[in-house]
Chemist: 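Got a structure for you, questions after.
Proteins come first, then strands; the chains are lettered A, B, ... in the order of their sequence lines, and each starts at number 1.
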2 protein chains.
Amino acid sequence: MNDYEQDNAPPTGDSSRDALPPVTQHARQYETVRNAHETELIEDYVELIGDLIRHRGEARATDLASRMGVRQATVSKMVRRLNELGLVKSQPYRSLFLTEAGQSMAENSRARHDIVLQFLRALGVRDSTARIDAEGMEHHVSDETLAIMQRFIEENAK
Amino acid sequence: MNDYEQDNAPPTGDSSRDALPPVTQHARQYETVRNAHETELIEDYVELIGDLIRHRGEARATDLASRMGVRQATVSKMVRRLNELGLVKSQPYRSLFLTEAGQSMAENSRARHDIVLQFLRALGVRDSTARIDAEGMEHHVSDETLAIMQRFIEENAK
DNA sequence: TATAAAATATAGCAAAAGCTAACTAATTAC
DNA sequence: GTAATTAGTTAGCTTTTGCTATATTTTATA
Ligand SMILES: [Mn+2]
Ligand SMILES: [Mn+2]
Ligand SMILES: [Mn+2]
Ligand SMILES: [Mn+2]
């Protein structure tokens, strides 16, 4: 199958309604999703640590575990990674702190998360559903789309 | 930190604007995302196989690899898994076919994908951006939100 | 203050999803 | 019809993200 055939007419009649994208562009779609999946859990952890500090005064591993819905061992391992990445500063058996880089990531993630959540609410999605959808969608929304969502919120809010 | 304290007043003044959700609900958010991530790659493969069959007449592993942006070995491994899951029927060195279950999953995924894509376009997102965002978002949109997106499309299309 | 409980850490296991390298089968070109 | 090219498979490696079980440390209680 050569490059010419690759992006050309389908063999059957009805099926050409929405053609396949060019191979390179198509691959880029999936690559973008894979890249998002590499960073999204880290962002969620950092964002949650920031939220816990803001709302509760401190971020403890056990609260991360219960809110994430995973075991403490899983959190422990992730915290080590966040340390290695320079996002979190922590001492053994003590609660967690964000580095400068961590705080900056937390703020970015929270801002993005809030926009997506408010957008869904403005669309008319029920709050509990909007929260669930936003938790996943936030990592797959481009800056372009985010800006449009923000405008939509402003136009449909009061 | 007990259950009472868990969902109560923050220690600092300004920070209570948007409170943390109850622990159980918060955990459910992340669990839903983790569940979506377990099935999303499978859905993307099945959907792509269906699209290739519809548009090109057959689905070959090499085309899956180039469109997914991964190596053939990766596709080979995934195809074995799709076989085990009863979604794909294939013989060594021959092109791929969907089972009944596979076709049904492909149709569902495509319908959902289309709605998300059209919704983004209706919002005003550029086509190439909309395609990228839709590829990731589609797996994190609830039925409730999807219905609202569909309504939005109908109201804003002609 | 000694002990019980809770929190944290570490070791080892598993599945998923990618990779490269080496091999085999099928198709195409000559 | 053979040789070269293309396509597909398999084995073995790596990283990520979960888990359980066990040890250690900190905190709370009697
Ligand atoms: Mn998230
Ligand atoms: Mn995702
Ligand atoms: Mn899709
Ligand atoms: Mn997708």
Chemist: Compare every heavy atom of Gly102(B) with every heavy atom of Val46(B), then report the nearest pair and how far apart it is.
Modeler: CG1-O, 3.2 Å
Chemist: If you take all heavy atoms of Leu120(B) and Ala130(B), which pair is closest and at what distance?
Modeler: CD1-O, 3.6 Å
Chemist: Hey, what do you get for NE2 (His113(B)) to CE (Met137(B)), rounding to the nearest 0.5 Å?
Modeler: 10.5 Å
Chemist: Per the atom types in the model, does the base of dT9(D) pair as donor or acceptor with the side chain of Tyr93(B) at under 3.5 Å?
Modeler: no
Chemist: In whole angstrom, give the distance that lies between atom CD of Gln72(B) and atom C1' of dG18(C).
Modeler: 15 Å
Chemist: Rounded to whole angstrom units, what separation is found between the CG atom of Leu64(A) and the P atom of dA9(C)?
Modeler: 11 Å
Chemist: Measure the distance from CZ on Arg60(B) to P on dT6(D) and round it to the nearest whole Å.
Modeler: 13 Å
Chemist: His139(A) and side chain to side chain donor-acceptor pair (under 3.5 Å): which partner among Glu43(A), His37(A), Arg112(A)?
Modeler: Glu43(A)
Chemist: To the closest 0.5 Å, what do you measure between CZ (Phe152(B)) and CD (Gln118(B))?
Modeler: 12.5 Å
Chemist: Closer to the 5' end of DNA chain D via nearest nucleotide, is it Pro92(A) or Val79(B)?
Modeler: Val79(B)
Chemist: Rounded to the nearest Å, what distance is computed from the CD atom of residue Glu31(B) to the C1' atom of nucleotide dC19(D)?
Modeler: 14 Å
Chemist: Tell me the interatomic distance from Met68(A), atom CE, to dA7(C), atom C1', rounded to whole angstroms.
Modeler: 18 Å
Chemist: Roughly how many Å is it from CD in Glu84(B) to P in dA15(C), rounded to a whole number?
Modeler: 12 Å
Chemist: Quick test: give all pairs of protein nitrogen or oxygen and nucleotides 11-18 of chain D nitrogen or oxygen below 3.5 Å, distance rounded to 0.1 Å.
Modeler:
{"residue": "dT17(D)", "atom": "OP2", "partner": "Arg81(A)", "partner atom": "NH1", "Å": "2.1"}
{"residue": "dG18(D)", "atom": "O6", "partner": "Lys77(A)", "partner atom": "NZ", "Å": "2.6"}

Chemist: Rounded to the Å, how far apart are Leu96(B) CG and dA7(D) C1'?
Modeler: 12 Å
Chemist: Please work out if Ser76(B) contacts a base, only the sugar-phosphate, or nothing of the nucleic acid, heavy-atom cut-off 4.0 Å.
Modeler: base
Chemist: From CD of Glu58(B) over to C1' of dT27(C), roughly how many Å is that when rounded to an integer?
Modeler: 12 Å
Chemist: What are the two closest non-hydrogen atoms of Leu123(B) and Ile148(A), and how far apart are they?
Modeler: O-CG2, 3.7 Å
Chemist: Please report the shortest heavy-atom distance between Glu47(B) and Ser109(B), naming the atom on each side.
Modeler: OE1-CB, 3.7 Å
